[in-house]
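Notes follow once the structure below has been shown.
Numbering of ligands and ligand atoms starts at 1, following listing order.
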Amino acid sequence: MRIPFIAGNWKMNTTATEAEKLVIEMLDNLDRIKGVEKVLCPPFVSLVAINMMLQDSFIKLGAQNMYFEIEGAYTGEISPLMLSELCEFVILGHSERRWYFGETDEIVNKKVKAALANTLQPILCVGERLEENEAGRTEEVIDRQVTAALNSIEPVSNLVIAYEPVWAIGTGKAASGEQATATIQFIRDVLTKLWDKSIAQDLRILYGGSVTSANIAEFISHPEIDGALVGGASLKAGEFVNIVEQAAEIKGRTRTK
Ligand code: 13P
């Protein structure tokens, strides 16, 4: 059974002071919600403080990126070993990393391997750009990104995949539930081809891109969609709690049928 999963990607937002305030605002209400795995991904500089704040809670912590080497002369980088003391998850291959910072499929593959080798669970992001979508190339792009990211990796169960179409990120133009479902089903086909059917059915696959409390129900009510990677809306405590509440309620209801 795939446990629903909602993660907040705060991106490059919140100072350390603001981040602590945001956690205080959402902590109790978020912690009370059962049946959903809840993950916060604040900026690196807040990981230590938030790790301490979440000690007695059921809320988990993730980083937004990392380098693939364990240690050494890589000025300014953060290693999987450093993160492994603080978090359980790490977002890898986010489209903002791919397009603003030149991360290639090969780099993403090295990072996925390094995360897994250091007990971090990758939240691997894949997604096509608008022109690729319009040219009918979505499946080709997703196939390439998933296959390359998991190249020469043995089947693992501690991996989450997020389908985030680039055209839906931060634009207010979310994909439809049907569009997201179709691509997520396709990702399961790719995983079946790469690994096997049972692992493809067990891994959680999320939707991300302009998710809010107003549209989460559209995604979460599809059995194929296991949760969401939330950007902007995860920076508002009430909004994020509401998204997680709806996910718990809807997945709980559809499961008991
Ligand atoms: P928005 O929810 O702000 O569109 O961002 C989505 C995202 O990129 C999450 O990783």
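If you number the atoms of ligand 1 from 1 as listed, the ones under 4.0 Å from a heavy atom of G232 come out as 1 (P), 2 (O), 3 (O). Atoms of ligand 1 found under 4.0 Å from any heavy atom of G209, numbered from 1 in the order shown, are 4 (O), 6 (C). Residue N9 has at least one heavy-atom neighbour below 4.0 Å for each of these atoms of ligand 1: 9 (C), 10 (O). Shown in contact with L229 at under 4.0 Å from a heavy atom are these atoms of ligand 1, numbered in order with element: 9 (C), 10 (O).
Backbone and side-chain nitrogen or oxygen atoms of K11 are examined, and one is located within less than 3.5 angstrom of a nitrogen or oxygen of ligand 1. Looking at E164 next to ligand 1, an N or O pair under 3.5 Å apart turns up.
With respect to the salt-bridge test (charged N to carboxylate O, under 4.0 angstrom), the residues R188 and E224 qualify.
Side-chain contact check for K113 versus I153: some heavy-atom pair is nearer than 4.5 Å.
The neighbour count for K110 NZ, taken as heavy atoms of other residues, nucleotides or ligands under 6.0 Å away, does not exceed 12. Under a cut-off of 6.0 angstrom, the local environment of CD in Q185 is crowded, with over 12 non-hydrogen atoms contributed by other residues, nucleotides or ligands.
The closest approach between S210 and ligand 1 falls below 4.0 Å for a heavy atom of the residue.
Atom 4 (O) of ligand 1 has its nearest heavy-atom neighbour, among C41, G231, G170, in G170.
Residues V39, F89, I91, I123, V160, L206, L229 make up the rest of the hydrophobic cluster containing F5, defined by ILVMFWY side-chain heavy atoms closer than 4.5 Å, directly or through other members. Through ILVMFWY side-chain contacts below 4.5 Å, V141 is grouped with nothing and stands alone.
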